[in-house]
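Predicted model only: the values in this text are computed from it and were never measured. By convention here, the first residue in the shown sequence is residue 1.
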Amino acid sequence: MNNVGIITFHCSYNYGSALQAYALQTYVESLGYNVRIIDFVMKKNFEQYKLFRTSLYRKQLKSLGADIIFFPHHLKRKLSFEKFVQKKMHLTEKRYYSCTELKELNNEIDIFICGSDQIWNIDCTHGIEPSYFLKFVNDNNTKIAYAPSLAHIKFETENKEEFKALLESFDAISIREESTVPYLQSIVKQEVKVTLDPTLLLNESDYLPLLTDGLGKEKYIFVYMLEGNKELIQYCENLKKLTGYQLYYLSLKVNCGFSCGKNLFGISPEKFLSYIYHAKYVITNSFHATVFSIIFHKQFCTFPTKKSSARMVDLLEKIGLLNRMYGQKFVLDNRIDYKTVEKKINELRVESTAFLNNTLANGENYERK
């Protein structure tokens, strides 16, 4: 049995990041591989999740006050995510902090996958992080990119040559956004594929074991607001008044602007899925909350965002649900034909699963020439 290592944003306190890592691990394991998620932590990127962000205090004294006031909430979030990672992800025995340290994994792992999430987004990683481009992997091991996001149509000149050199060593490359294909294809010889976010590789039944009990039969509206949006908040509060349903909301910030409802800040990824699964309505501006609303066949509304509208629009358009994007003529209770939606999702999965299945199979007996 070949050993597969996955490097991604697995330990961020972010529902999409955690669940896409879990999904990719689960899918590759279903193919019969022994999978490990590489416990790599990029310190400068993880600073934002520290309970006390000491590096900010000298320039932003108010950050200290916020860290003290919201400490119980942030501690709850930290414990929830770390428990999920420890229970549900099959991590390497060691934690790594540099590309140099990661080199020792060549003795244990045969096939390396980087992706998904925004690991190639140089804004997130504060420049090119070679670890997320598998620079530490030896030539006799297989290197696969599965659906990483660049969030850029192209790189600036100073990054282009480094980026090109890193990509040329890959055995197979796929990315998440169609818009970046022309740029990548212009600098590498390999064919660049577009593949689905890992969360869409799994079916509803694959996520059911993660669900938690205790939500009962209460009718409620679940809101996940990834980016502040006053119009979204107003829409949800009006919907609560109209329906009489309970309002549960979740955001990246503890204090996010809702005047009513129950704040769920700090819940675990399992609880996040459970609240979507049992909701009467889901209102969100998150790509992954949109994905799970679709997987669980919910009545949902997606608000556009400045940063991720493109991938939400792209997905909804491909599966015939563009009318679930919020607009003047939006009607929340319009029937969704999920039988047709499932058929289209299955069609989209074909190329993504074929990419993974084939590249992993090729890597089993691969010997670089």
Side-chain angles (χ1 to χ4, degrees), residues 6-30 35-41 45-46 48-51 72-91 95 115-119 124 147 149 196-215 220 222-227 248-254 256 262-279 282-298 300 302 308:
I6 298 171
I7 188 166
T8 186
F9 291 157
H10 70 287
C11 58
S12 300
Y13 301 161
N14 176 286
Y15 298 101
S17 295
L19 290 167
Q20 62 83 23
Y22 170 83
L24 187 55
Q25 168 192 275
T26 301
Y27 180 77
V28 176
E29 284 181 337
S30 75
V35 181
R36 288 291 176 267
I37 290 180
I38 298 169
D39 195 12
F40 172 70
V41 175
N45 191 44
F46 204 75
Q48 61 184 306
Y49 299 117
K50 290 177 65 176
L51 294 177
H73 303 280
H74 291 151
L75 178 62
K76 177 185 175 183
R77 180 180 65 174
K78 172 184 167 69
L79 296 176
S80 294
F81 275 89
E82 290 183 355
K83 185 177 181 181
F84 176 78
V85 169
Q86 292 301 321
K87 284 176 57 181
K88 302 300 181 182
M89 295 186 195
H90 305 143
L91 302 177
R95 170 164 281 189
S116 171
D117 220 331
Q118 297 191 58
I119 59 169
C124 289
S149 172
L196 290 173
D197 186 273
T199 53
L200 284 162
L201 295 175
L202 306 184
N203 296 304
E204 179 185 52
S205 59
D206 296 309
Y207 290 107
L208 295 183
L210 294 180
L211 302 185
T212 59
D213 297 325
L215 294 181
Y220 63 85
F222 176 72
V223 185
Y224 182 42
M225 188 172 67
L226 195 59
E227 182 182 285
Y248 292 107
Y249 63 89
L250 182 60
S251 182
L252 295 182
K253 295 182 178 180
V254 179
C256 58
K262 183 176 179 180
N263 192 339
L264 300 176
F265 186 89
I267 61 171
S268 67
E270 296 100 323
K271 281 278 190 182
F272 173 78
L273 289 180
S274 300
Y275 271 101
I276 293 176
Y277 183 81
H278 291 287
V282 178
I283 315 298
T284 188
N285 57 9
S286 152
F287 174 78
H288 283 104
T290 298
V291 166
F292 286 112
S293 296
I294 294 165
I295 290 173
F296 295 147
H297 293 189
K298 309 311 297 183
F300 73 95
T302 297
S308 58

Min side-chain heavy-atom separation Glu270-Phe84 under 4.5 Å: yes
Main-chain N/O of Asn14 paired to Ser12 side chain as donor or acceptor, under 3.5 Å: no
Closest contact, heavy atoms only, Leu24 versus Ser116: CD2-N, 4.3 Å
Test item: Lys271 and Leu264 side chains (from C-beta on) under 4.5 Å apart, heavy atoms: no
Gln25 versus Lys88, closest heavy-atom pair with distance: NE2-O, 2.9 Å
Those residues that, when tested against Phe265, pass ring-ring contact (aromatic ring centres under 6.0 Å, His included) (two or more places apart): His74
Contact check, side chains of Ile267 and Leu250, non-hydrogen atoms, under 4.5 Å: yes
Parallel, tilted or perpendicular: ring planes of Phe222 versus Tyr275, cut at 30 and 60 degrees: parallel
Residues which pass ring-ring contact (aromatic ring centres under 6.0 Å, His included) with Phe81, listed by chain and number, not counting sequence neighbours: Tyr13, Tyr15
Minimal non-hydrogen separation, Arg77 against Leu252, with atom names: NH1-O, 4.1 Å
Side chains of Gln86 and Leu91 in contact at under 4.5 Å (non-hydrogen atoms): yes
Rounded distance [0.5 Å steps], CG in Leu196 versus CG in Leu202: 11.0 Å
Residues that His90 engages under ring-ring contact (aromatic ring centres under 6.0 Å, His included), provided they are two or more places apart: none
Euclidean distance, Tyr248 OH relative to Ile276 CD1, rounded to 0.5 Å: 15.0 Å
Heavy-atom side-chain proximity of Val291 to Ile294 below 4.5 angstrom: no
Side chain to side chain, Phe300 and Thr284, heavy atoms closer than 4.5 Å: no
Minimum side-chain heavy-atom gap Leu211-Leu273 below 4.5 Å: yes
Phe40 vs Thr8, side-chain contact (heavy atoms from CB on, under 4.5 Å): CA-CA, chis, key distance, verdict: CA-CA 8 Å; Phe40 172 70; Thr8 186; over 6 Å; no
More than 12 heavy atoms from other groups under 6.0 Å of NZ on Lys76: yes
Interatomic distance, Ile283 atom CD1 to Thr302 atom OG1 [nearest 0.5 angstrom]: 8.5 Å
Separation of Tyr277 OH from Tyr207 OH (nearest 0.5 Å): 14.5 Å
Min side-chain heavy-atom separation His10-Asp39 under 4.5 Å: yes
Derivation of the side chain to side chain donor-acceptor pair (under 3.5 Å) call for Asp197 and Thr199: CA-CA 6 Å; Asp197 186 273; Thr199 53; 2.6 Å; yes
Pair Asp117-Ser17, side chain to side chain donor-acceptor pair (under 3.5 Å): steps then yes or no: CA-CA 6 Å; Asp117 220 331; Ser17 295; 2.5 Å; yes
Expected output: side-chain Ser293 to main-chain Val282 donor-acceptor under 3.5 Å: no
Interatomic spacing from CD in Gln20 to OG in Ser149 - rounded to 0.5 Å: 11.0 Å
Nearest non-hydrogen partners of Ser80 and Gly266, listed with the distance: OG-O, 2.8 Å
Minimal non-hydrogen separation, Tyr220 against Ala279, with atom names: OH-N, 3.3 Å
Whether Glu82 side chain and Cys11 backbone form a donor-acceptor pair below 3.5 Å: no
For Ser251 against Met225, the heavy-atom pair lying closest together: OG-O, 3.0 Å
Parallel, tilted or perpendicular: ring planes of Phe272 versus Phe292, cut at 30 and 60 degrees: perpendicular
